[in-house]
S.K.: 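My structure is below; once you've seen it, I'll send some questions.
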Amino acid sequence: MPLDTSTYSLALLRLDGRRWNELRRMHAQISTQPTADGSSYLEMGNTKVICTVAGPAEGRKAGGGGGTGGDANAMVQVEIGIAGFSGVDRKRRARGDKRTSEMQLTVANAFSNTLFTHLYPHSTILITLYVLSQDGSLLAACLNASTLALIDAGVPMSDYIAACTSGSTSSYNNNDEAADPLLDLNGTEEQELPFLTVGTLGAGEKVSVLVMESRVQAMRLEGMLAVGVDGCKQVKEILDDVVRRHGKRILLERVKI
Amino acid sequence: MAKQPISAAQPLSFPPSHFAKLAPRSYLHAHLSSSNGRRPSGRLPHEARKPQINTGSLTHCHGSAVVRAGDNAVVCGIRAEILNASDIVDCTPATKPEELEQRYGTDEEDSQRPEIKAYYTLHITLLVLSLSGPPFPTIWTALLSALRNTRLPKAWWDADRQSVICSPLISDSKPLRLNGLPIAMSCGVFNTEKDGAGLVSQNADGGGKDGKKWILCDTDGFEEGCCEEEITVVVRERQAASGRGMEIVRIEKCGGGVVGREEMREVVMLAEERWKVVKEAVEGSA
Amino acid sequence: MTKDVVLSPLARADGSASCTSNGYSVIAAVNGPVEVQRRDEIPEESAIDVVLRPAIGVGGVRERHLESIIEKTLRQVILVSAHPRTLIQITLQVVAAPVDSNASNNLHQSASNLSLLPILLQSSMLALLSTSLPLTMTFTSTLIAVSRSGELVRKASVKALKEAASLHVLAFSSLGELLLAESEGAFDVDIWDQVYRWAEKDCRKSDLGDPTQTDDVDMDLSKPGSLEDSLRSIIEEKAAREYRWKES
Amino acid sequence: MPPSTLLSPSELSYLHSSLSLDLPIRPDARSPTTFRPLVAETDLLPTTNGSARLCFADGSEAIVGVKAEVERTIGASSTSSDVFARGEDGDGDTKMQSAEEEMNEERRRLARGKGQDSWIEVTIDMPGFARDDDGVVVFLAQMLQEGLVADEGLRDRLWIGWGWHWRIYVDILLLTTPNSYPLPLLSLTTHLALLATRLPAPISRIDEDPLFNDDWDAAEPLYPPSGSAHASKPPFTLLVISVEDNIFFDPSREELAVADAVCAVTVGTIDAPVSSGKRREGTPKLRLLSLRIIDPPARLAAATSGTEAEDDQGAWRPARGGMKRAVVGKMVKVVLEVGGVGEEVMTGLEGFHDG
Amino acid sequence: MADRRRINPPSGPTITPIFLASPSDPPTQPPHRTRPPHEIRKIFLKTGLTPSASGSAYLELEPSSSPKPTTCVDRSTSALKLTCTVHGPRPLPRSVPFSPHLLLTAHVKFAPFASKHRRGYVRDTSERDLSVHVETALRGLLISERWPKSGVDVVITILEAEDDGPAFTEGGSGGAGDGAGGLSGWGMMSVLSGCMTVASAAIADAGIDCSDLVSGGVAAVVRQPSFPHTQTGASKASPKEIVLDPCPSEHADILAVCVVGYLRSRDQITEIWTRGDMEGLPGEEGSEQSNFEVLLDQAVEAAVSSRLVLDAALKEATEYKLQKMAPALPSSGEKVKGSD
Amino acid sequence: MSLPTLALPGQLLGAFSRYEPGPGTHLHESNVYASLPGRPTASTSSHNPSSKSSKPSPKQTLTVTRLPSMSATADPGPVSERISNTNALPRVGDVVLGRVTRCMTRQVNIGILIVLGASGDNEEGMVCANEIQGVVRREDVRATEKEKVVIGEGFRVGDLVRAVVISLGDQSNYYLTTAKNELGVIMAKSEYRNTMYPISWKEFKDPVTGETETRKVAKPL
Amino acid sequence: MPGQVLSEDVLPVPHKSSMPLKLGPGLRHAPPSTITTSLAGPLCIDRKKNAIWVENNSGRYIPQTNDVIIATVHHSSTDWYHCSITPYTTFAQLPQLAFEGATKKTRPQLTSGGLIYARVVAASKHLDPEIACYNPSTGKSEGLGELKGGMVFDISLGMARRLLLNKQREEGKLVILEDIAEQVAFEIAVGRNGKVWISANGVKETLLVGKALQTVDEEVLNVDEQKKLAKKLLRQV
């Protein structure tokens, strides 16, 4: 049992010592790959993702990732490579893997609605994500990393997409009324507890991505969502900070020259 | 009339190979309606190609055969592998993608061993090395020869090894039992009715209606292109029950309406002729 | 007969028909002439694409084989030169098949293979007629089984099919040609001859079938008479329905 | 995957001729054997047994993670011959100090020749290659694997005991789209990752089911560090091109584009026991593990118009035919010779690992 | 997912029969090399056996060790059997962009029954890898700019493979099964050499301009079979030697193998594939040459001798054609077309 | 140095100083080598397409005849099959025979079946194993009043056409022209599938029905 | 039934030998004088026009010269619009200048998805059909051109033909439109390709008319039934 309910109810502390509304340590960098148009490296706890963005480039590759938008808009393509060593025990994901392609689609849709794709007709924006190590909140990490990389690539967008997960302190089966919501679940928690991934547009209340694939009592949902959106606000702050610091550095360099 | 020089002379100004490519049907028609009535390959309409067979040349197979008939060349390799009764999901015998095969799946059935422990599964692989004309008869011959050539090692259940063990000695192994020796023959129908069969038909036998029809045995790739209707007949010697003589085990005819009752009789007779030839070829090879 | 044969049950398809007979039920849909892929475009004729879907699961080797047979036959019937460089697509969906006690066993699959063929042909024929594509002729087909004891059986039951010494499917064109003949099992020319005669009676106009064959030998198209007659009557009914407005 | 250079035919021919001089001149004024600078780090992924990240001068970058899993050896049973072998060798080891020292020593000796190729698995993940079994990917994977398994020292170290062995997964992640042959990049990254790889120390006896010391610090490096008794290094693959009779290491894209021939040379160290002790301190002696010729990109890229004569000095055209024997020999020599390119590279990489 | 292209055997794994090794039979002893080290096996090579292709050739290695009294069901030594067909030069498919010269692709496929372990129907890694090797060997050969915007496919079917000797059987199902799994054994190397030779013959047969012919050759470092049965060789070092055209089943342990694709009349190499430990060869210390070079030269030796067969086969075929064509077209140069 | 009666690829034929490399040969290190198996022949012909300069060279041109692959098996097989797998690819300037596969407003697609030499002489024609895509663009149909050309009046699907290759074209099609008197439709069938005969430079007549159809008629040779 | 050979006596005897026999759809003429059917349906003979054809209602529309059709613009190229007449068939070519008084300057700008009412000017089985929105001889539009507003309804080919008869009531036995027209004003354009375009003042009315036609078509209503339907519908407005 990753989240010892007994102790939790007492100390209100999770196994990794966090409180219910606490994010894990989140660390990110921008333009880590010199060759890519835009790139980022992002850690949410032990979940580590590298993201590179290519484009907007003329023409479009057939199929691949989740392509959206008509010919008048740029097509957002997403490729997610989950490294064999990323998990606890080594597992090789085939390319056609259903879960992966579903995530690709989710990310693609999220961004093709947020980016100003109409500025780049007949072109493609390719987002490539490499998952180096996964410990929960994978989709959220992918979304955040993509946001940063896209900003780095200078693709205009209406606002950040900041995402995180939120769960509930007890599994569906033992449905106790006292179940509290949890923020930013790690791998072990995700295995046991119901959780959802929420991504908001900027710091506002606008939810742009919401995925839940686990079973949970309807009444708990609202609480989870609230906590999730709240978490997204925090995430947004962090991302924003990363971007600003990066911006500063660049300016400084400019000055030096 | 002015047409004679054009329509008659022009085609003749092509070398045969070009003529064949440009107007295959007329080319074939010209050949068949010529004095000796031979086909471009020099064969008579009812003349089939003799298959060359050699068997047992593949080392890793329990039975194998290579068959060449004209420009058709087929390799058949049969491997017997052990299927432990425990892992059996359903008991479909190993067969290959030829509808006839299923009918004669019984051939393999014989090879399945009565023991509950395990069965032999025959992995039959047919490779068509070179293709020209309907491949089925050749493929079928290859399969037959290979089956005849197959010997299954003597096998028994070894308790302490918990597996099936086979004897390496050929003397212990036993051949497959085949019921009968069904031989396939296919032929095409060249029918000049449909089209005003191009140039040549412009002469006396003017094409369009009342066109001519030929039944060509064992068509080659070129002729196949000109024949829509195709008949395949498989015959074998009668099985014990109903006395001696030949019997048909399969007829397949589609793509045209030329062959009716009489023609079918004719075809079957040809098939029986063919049977003799191929039979001795197959047996000769063993 | 509306029970067994329904013309154009599908609104979206250019033409369609569904047939039920002998435990089988098939829906056929025809679309065309439509644009054809460059790859399988035929300069002077229309390409014909037959797609057969079994009642359960997805098509395999067996379906491909049936498809090729049907395609070859229809090519004779459809006036392919009328619409060059186009595609005529026939989709056949087996809706129901007689429950086979040990269906898992491949050995008998081939039998059921043939027994399925007539209704497939029949339904595609009807679908074509309802599409009003130009045709050179019509055709009808029937299945005849020969029992071990050598007598001929029409409309053989699943059991009978399994025990039959040989199975025969024949199709006749409205011009009286033998369009298709698929036989398997063990038999000889004389038996086949007999089968031929029976089948001809079943399929061709009743005036050349002898009166003894009036029992319901046809594809359950209710009223007695040959398959060709019933085919005709179906079409007449269709016409009657469509041109109701003319009278009155 | 022909690296697309934007050079005009005349530029190519100029480059080609400048490279084929007796004293060749490379565009970036490197000597034929000097490498471009590169950046690397190891042990960046906690979830792996060993990992490395390497970044080339041209910006191409790769990450390699190594994972090891214990696996039952199929069809392995302590057959009579093995038992015999054990007894026989058993006589020798009287002066073994501690128990587990002895155990390790014995394990090492028994493992000899027991390693199997299939215990090592290499997979490559490349952006832009839709299919995993794309010819190029397969070829690279095979190439790298070839090197690894050719070193029986490694194979044997995977042997845990009767019926048990380590299975090693080397997962290679190419981060940047391959703009030239990524082989050396991947190989060197793999080298580093393996160098950093450690396996939990077994505490069980060889003939019982394996138990391991769960203290990560106690884990033994997969490749014993230099200085230790059985020091050895992972193999690595270098890309060598030849223009006329000259050979060049670490070719740039442009240089590749005009190469007459391209060779992938894989070298490894000679395990201590094999080379009878005459090993210089620090770097172990190198040996050739595998070598193959790769299609020069010029052949794949569009050849210039079909001018017949080969001797015309106009636009340069990829050479027909193959490479000379002598040239191949030269390549190998330069890599292998004591203090040669091979050693240089190896020591260089080791620096990254330690630092 | 289920295979719908062919009629499948019963679902459930099937295994190749395991034979009782009764010490009485001679065949179960590993066969020994009877040839001298510098002699290669007899090669049967013939072109034009596949009429439907533009060019074709068939190659067979005769089993060197004298055919045993076949009292045994599975003959332990198999002989390489390859057929190669060449299709083209033909226009490139629409998908492929315009190319001013001839694009060559090679497909190498093992027949399911080719080796001891049953092969799948889809090309596995080792087969794809072989294809890459063959392509490399051939590309240098073609005078490709004579065939603008066209492609040629070289299809090689391995009817019977070299069975892979100890290295293979020990290494389990050598790469055949598991995705990017282990490598397959030494047998592969001689298969490659065969592929190169047969492909070269087929291409010449198809009448595609080549700068030369390529012939394959294999040389290997083997430990002389002092103790036939010891697999744990390393400890007891018996002398090593180089043999040409090794037949894996004949050598207890092979240490290194080198394959070359050799152009004799240019003295050039279009393909090298070498693996293994070539240290400690006799006379290594003294000579200028490194072990590798020694091995390489030997491989070339082998290639040269297989080239003789290649030439002979082509000569025969060409004479046959010439006399056949004599009526067809008068043998004057100008009338030939399609080249450059 | 006399020529061998039979050469194999890579075989030395003679020095570049004495010979020009012709079809079936190539130059390597200033020697002429064979690049095809066959019988090398030397000829002093002024026109040699392969020589890099147009100036007539006194040297002899070496050529090696390309031979089709032939079934080495016993039965010869029909002539069509034997020859058809020779690999013929059209070159610019070649006369080709092909069948019209599709008519469009701006061009006709033609499946090239036979490649005749530049001379257009039947005897040396090569049959294509599988037909090669070619196209005659509207402006290449005839030499005069190009803009008035209506494809539908010049060609029908199924017609047999003689044309000349004017360029290698794009990735899919060779570009052909029929803008010459002796080029155009040489064989055509009427709506009733009867073979028609030309009665003028732009009309064919159906002998059975007597109806005429318009074509870009090739002047019979 | 297809494949039947029409016996001479069925054929109308031309009262004027000068007038040739006109063969309508569904009939094939194989020289010299055999006529075979290729469609199933009632055989219709018009002695006055000396024409003979097979009625058929269903199936897909095959372009015939001079048919008027309603097509959808798919995309445009330099001097052509490519329009789809029936789904999944090759596009029909519409020259951009084939409009009344269209010049290089004043050509109508059609966007993809736009509707046009056009006449088939060239239709051969070997060529893509060509359509025009004006009469080439007169240069007048004759009611053809872009259809703005309104809606398109699918009807059977037979229905389309009936609607296009100049004497709907007598020959086509169609009264529904007239009845509705008494109370609802609407524009209508009928395409031979089984499409009818209707534009009334409001969507409601448009739908009403369209639905009416479709019901008449599907349920094959005779005159009285049509009248009933008309009443019923009109009550709703």
Side-chain angles (χ1 to χ4, degrees), chain B residues 15 17 57-62 64 66 68 70-73 75 77-84 86-98 101-102 105 119-125 127 129-132 151-153 155 158 161 163-173 221, chain E residues 3-22 24-25 27-28 48-53 56 58 60 63 69-81 83 85 109-119 121 155 157 159-163 328-329:
Chain B
S17 64
S57 46
L58 294 178
T59 319
H60 294 301
C61 298
H62 294 83
S64 66
V66 182
R68 291 185 169 277
D71 286 348
N72 280 332
V75 181
I78 300 181
R79 286 169 68 108
E81 302 213 330
I82 307 250
L83 171 66
N84 289 327
S86 49
D87 336 327
I88 289 192
V89 177
D90 59 354
C91 64
T92 56
T95 47
K96 62 175 233 322
E98 276 299 342
E101 189 49 25
Q102 298 149 24
Y119 297 90
Y120 267 126
T121 305
L122 298 188
H123 291 278
I124 303 178
T125 313
L127 286 178
L129 296 183
S130 167
L131 177 60
S132 123
R151 293 184 71 86
L152 295 178
D158 183 316
R161 275 219 192 72
S163 68
V164 174
I165 301 301
C166 305
S167 143
L169 297 176
I170 274 191
S171 47
D172 294 355
S173 69
Chain E
D3 172 2
R4 291 194 213 96
R5 291 233 170 67
R6 45 195 73 76
I7 297 175
N8 296 303
S11 40
T14 59
I15 47 171
T16 36
I18 306 154
F19 288 99
L20 176 69
S22 51
S24 59
D25 324 326
T28 51
L49 285 184
T50 312
S52 46
S56 61
Y58 172 83
E60 181 170 340
T70 52
T71 61
C72 186
V73 178
D74 78 325
R75 281 144 288 181
S76 52
T77 55
S78 64
L80 195 60
K81 291 191 182 65
T83 87
T85 57
K109 183 79 191 83
F110 281 82
F113 48 74
S115 49
K116 277 214 182 92
H117 298 76
R118 192 159 179 285
R119 295 269 178 170
Y121 293 97
V155 180
T157 311
L159 295 176
E160 189 165 309
E162 201 82 60
D163 54 354
L329 60 147

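Just so it is clear: chains get the letters A, B, ... in the order the sequence lines come, proteins before strands, and each one is counted from 1.
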S.K.: So, for Asp71(B) and Pro51(E), which heavy atoms are closest and what is the spacing to 0.1 Å?
M.R.: OD1-CG, 3.3 Å
S.K.: What pair of heavy atoms forms the shortest contact from Phe113(E) to His60(B), and how long is it?
M.R.: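 Looks like O-CB, 3.4 Å.
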S.K.: Could you give the distance from OG (Ser64(B)) to CD (Glu160(E)), rounded to the nearest 0.5 Å?
M.R.: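 CD of Glu160(E) is found 8.5 Å from OG of Ser64(B).
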S.K.: If you take all heavy atoms of Thr50(E) and Leu129(B), which pair is closest and at what distance?
M.R.: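 Closest approach of Thr50(E) to Leu129(B): CG2-O, 3.3 Å.
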S.K.: Which heavy atom of Lys81(E) sits nearest to which heavy atom of Leu58(B), and what is that distance?
M.R.: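 Distance-wise, the nearest heavy atoms are CD-CD2, 4.1 Å.
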